[in-house]
Protein chains: 2
Amino acid sequence: MSRAAQPTKPSSDPSTGSVWTRPQRSRREQPALSRDQIVAEAIALLDADGIEALSMRKLGTRLNAGATSLYTHVSNKDELIELVVDQVYGEIEVPKVASRAEWRAAALECGNNARSVILGHPWIASVLGEMGMSYLGPNMLRLTEDMLELFESGGFDLVQGGMALKTIWSYILGIAATEAAWMTSLARSGQNEDEWLTGMASIAEQAIAPYPRMRRLHAEQTAGAVGETRRSNFDEGLGCILDGLEAQRRR
Amino acid sequence: MSRAAQPTKPSSDPSTGSVWTRPQRSRREQPALSRDQIVAEAIALLDADGIEALSMRKLGTRLNAGATSLYTHVSNKDELIELVVDQVYGEIEVPKVASRAEWRAAALECGNNARSVILGHPWIASVLGEMGMSYLGPNMLRLTEDMLELFESGGFDLVQGGMALKTIWSYILGIAATEAAWMTSLARSGQNEDEWLTGMASIAEQAIAPYPRMRRLHAEQTAGAVGETRRSNFDEGLGCILDGLEAQRRR
DNA sequence: AACGATTCCGTACGGCGTTCGCTACTCCGC
DNA sequence: GCGGAGTAGCGAACGCCGTACGGAATCGTT
C-alpha cells in the first residue's frame, strides 16, 4: 500500500477523495516536534535572517510542520522568545577561579564571553526590552550563580557580589545591545563597517559641526580596525568598572 | 452653505451623492498634520498603552487622519520610532558644572535624570535594540556634547571623556532597559510590584533552590520598598563606575 | 474493541505596514 | 480671473502576521 506523500486536500471535502486515494500516512513515523527542536530551529532562523524573519509560519515550514502545530509545544510567540533567549544565555561560559589573584582576569574573560555570545546572535538586542522575566530561565539561573561564585572567589561578600553582578551585567547588556543593533542595521544596509563609515563620513561631519567637543573627538579618532577598536573599548570600560568594584570591596 | 461634518461615504460611488450632499469641507481649515504633531501623539500613545499599541492606523485615528496620511511626513514606522526616541532623549538634562569639585555629584544627577526619563517612557526598552543610528538625532547629539562637557569639567581629557561617556551610557541603558522591561511586564499583568513579588515568591524560591548563593542572597534581601531599592542600587552601581573612572583619570 | 488524551493542522479572523492612484486643495505666474 | 503645478490626505488593496478553534489521526489504557 502506497505511503507516498501525495499532498491531497482531504479536508475540504472528505467524501470527494475516495478511500483509495486518501494518503493514510502514519503521522508518527517522522519524529514529530519537540520544544527543543523548535527552539533550536528558531535560533537558526534568527541567526540567518534576523528578528523580523521569525514568524510562526516560517518556523513551522522549516520544521515541516504547520504554523499552528507549534502551539502544542509553546504557548506563545513571546514564550518561544523567552526560551530562545535563555538558550543563548546557556552559551555564556563563566571561568572558574582557583586563587583570588586570578579574579580580575576571570571577570574580564567572562565579560568578553558574554559580549561575543550576544554579538553572535545580534537579534537578541531587539528582544531584550520585551522580557520582564528571563531571570527564571534555567540557564540564566546557572549563569547568575556562577557569576556570584566568581565574585565570591574575588573576595566579595554575597551582597557586594550581587551588586557587582548587577553593575557588570547592566554594562555588558547596554554596550553589547548597542553594538548588536549597530551591526544589525549595518547588515540590513548590505555594507561592511568601513564602507558605511566612509559613506557616512560627510553626513556625520556635517551633523557634528556645531558641537566643538564632538568635532575634536572625531578628528582625533581616525584610527582603523573598527572591530578591534570596539572590542578594546569594551575591555577598557569593563576594566574601569572592575577598578571601581575592587575599591568598593576594600571597605 | 452647510459645512457640517456629515461623514458620508462619497468614495464608494461618487455619483451616488449629489453635489448638494457632498461635504465640500475645506481640508486646510484644520491645521493638517506635521511631523512634530505626529511624534508628540505617538509618544502620548506609547506612554498610555505601550509599544504594541503603536500602529500607524491607531496613530492616524488619534490625529483625526487616515493611516496613510502619516506617510507624507514620515517615511516609515521605523523612522517614526527614531524620531520618537530622539525626542525622548531631549528630555534628559545634563547639569552644568562650575567647579571641578562638583563633578561627581553632577554625573550622578545626570545618570539619575537619564534613568528616570527612560523609566517614564518604559516602551523605549523594546525599541533600543532596533536602532542602529540614533547617534545622529539632534537631541542625542546635544546630549553627547553636554556630557562630554561634563567630563571635561571633571578634569578628563577628550579621549578619556569619550571613554567615560560610553561606559556610563552603556550602564545606564542596560540597567534602565532591564528595569523598564520589568515594569512593562508588571503593568501587563495588572499587578503592582509587591503583589507580583509575593505571588511569585514560592515559584522563585523553588527555582533557585538548587543554587546555594542565590538562595542565601534571596534570604538576606527581604527589605521592603522595592522601588527605592532599585533606585539606590542604580546609584550604588553608578558610584562604583565613577570611582573607577576617577582612578583612571589620575593616570 | 472502545475510549480518552495527545498531536497535528486547515481554516478563518482581525490586525498590521505599506503601495498606489485618486481627490481636493493651495499657490504662483499670467 | 485662470490654469497649471505641486502637495496633503486618504480609501482600497496586497501580503503578511499571531493565534483560536474544531476536526482528524494516532497512541496508551483498559
Side-chain angles (χ1 to χ4, degrees), chain A residues 3 5-17 19 22-38 42 45 49-82 127 130, chain B residues 3 5 7-17 19 22-38 41-42 45 49-82 127 130:
Chain A
R3 293 184 151 199
Q6 214 176 2
T8 57
K9 288 194 191 172
S11 66
S12 62
D13 186 359
S15 64
T16 302
V19 201
R22 243 177 325 211
Q24 199 220 357
R25 161 179 60 83
S26 161
R27 177 171 299 147
R28 306 296 160 87
E29 45 187 59
Q30 54 223 39
L33 298 171
S34 76
R35 179 179 280 194
D36 289 345
Q37 207 183 51
I38 293 175
L45 177 53
D49 299 332
I51 186 70
E52 65 225 11
L54 177 64
S55 75
M56 300 304 266
R57 285 175 227 256
K58 285 193 198 129
L59 184 53
T61 305
R62 278 177 76 118
L63 291 158
N64 300 317
T68 57
S69 308
L70 306 175
Y71 287 88
T72 313
H73 307 272
V74 153
S75 66
N76 249 339
K77 190 184 181 184
D78 284 352
E79 186 182 299
L80 170 62
I81 287 179
E82 285 196 33
V127 133
E130 337 214 343
Chain B
R3 294 185 150 195
T8 57
K9 289 194 193 170
S11 67
S12 62
D13 185 359
S15 63
T16 303
V19 199
R22 240 173 327 206
Q24 201 222 356
R25 164 179 59 84
S26 161
R27 177 172 299 147
R28 306 297 160 86
E29 43 186 60
Q30 53 225 36
L33 298 171
S34 75
R35 179 180 280 194
D36 288 345
Q37 208 183 53
I38 293 175
E41 196 66 38
L45 176 53
D49 298 331
I51 187 69
E52 63 223 14
L54 177 65
S55 77
M56 300 304 266
R57 286 173 226 257
K58 286 192 198 130
L59 183 54
T61 305
R62 277 177 78 119
L63 291 158
N64 299 317
T68 58
S69 308
L70 305 176
Y71 286 87
T72 312
H73 306 272
V74 154
S75 65
N76 250 339
K77 191 183 181 186
D78 283 352
E79 186 182 299
L80 171 63
I81 287 179
E82 284 195 36
V127 133
E130 336 214 346

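Below, read A as the first sequence line, B as the second, and so on, with proteins coming before strands; counting in each chain starts at 1.
When the side-chain nitrogen and oxygen atoms of A/Thr68 are compared with OP1 and OP2 of D/dT19, none of them lie within a distance under 4.0 Å. An OP1 or OP2 oxygen of C/dT6 is reached within less than 4.0 angstrom by no side-chain nitrogen or oxygen of A/His73. Taking only side-chain nitrogens and oxygens, B/Asn76 comes nearer than 4.0 Å to OP1 or OP2 of C/dT18. For C/dT7, the OP1/OP2 oxygens have no side-chain nitrogen or oxygen of A/Ser69 closer than 4.0 Å.
In plain terms, the two heavy atoms of A/Ala53 and A/Lys58 that are nearest each other are O-CD, 3.4 Å. Nearest heavy atoms, A/Gly60 versus A/Leu70: N-CD1, 3.9 Å.
If you take CG of A/Asp78 and C1' of D/dT19, they are 12 Å apart, rounded to a whole angstrom. Rounded to a whole Å, the CG atom of A/Leu33 is 9 Å from the C1' atom of C/dT7. Whole-Å rounding puts the B/Ile51 CD1 to C/dG15 P distance at 19 Å. When the C1' atom of D/dT19 is taken as reference, atom CD of A/Glu79 falls 14 Å away, rounded to whole Å. One atom, CG of A/Leu70, and another, C1' of C/dC9, lie 11 Å apart when rounded to the nearest Å. As rounded to whole Å, 16 Å separates atom C1' of C/dG15 from atom CG of B/Asp49. Rounded to whole Å, atom P of D/dC10 lies 9 Å from atom CG of B/Asn64.
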So A/Leu80 and A/Asn76, side-chain contact (heavy atoms from CB on, under 4.5 Å) or not? Walk me through it. CA-CA 6 Å; A/Leu80 170 62; A/Asn76 249 339; over 6 Å; no

If you apply the rule salt bridge (charged side-chain N to carboxylate O under 4.0 Å, His left out), what do you find for B/Glu79 with B/Arg35, and how did you get there? CA-CA 11 Å; B/Glu79 186 182 299; B/Arg35 179 180 280 194; 3.6 Å; yes

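Taking a 4.0 Å limit (strictly below) on heavy-atom distances, residues 52-60 of chain A reaches DNA chain C at A/Arg57.
Of the listed nucleotides (C/dT18, D/dG18, C/dC8), C/dT18 has the atom at the smallest distance from the side chain of B/Tyr71.
The CD atom of B/Glu82 lies 14.0 Å from the NZ atom of B/Lys77; values are rounded to the nearest 0.5 Å. Taking CD of A/Glu130 as the start and CD1 of B/Ile51 as the end, the distance is 8.0 Å to the nearest 0.5 Å. In this structure, the separation between CG on B/Leu33 and OH on B/Tyr71 is 13.5 Å, given to the nearest 0.5 Å.
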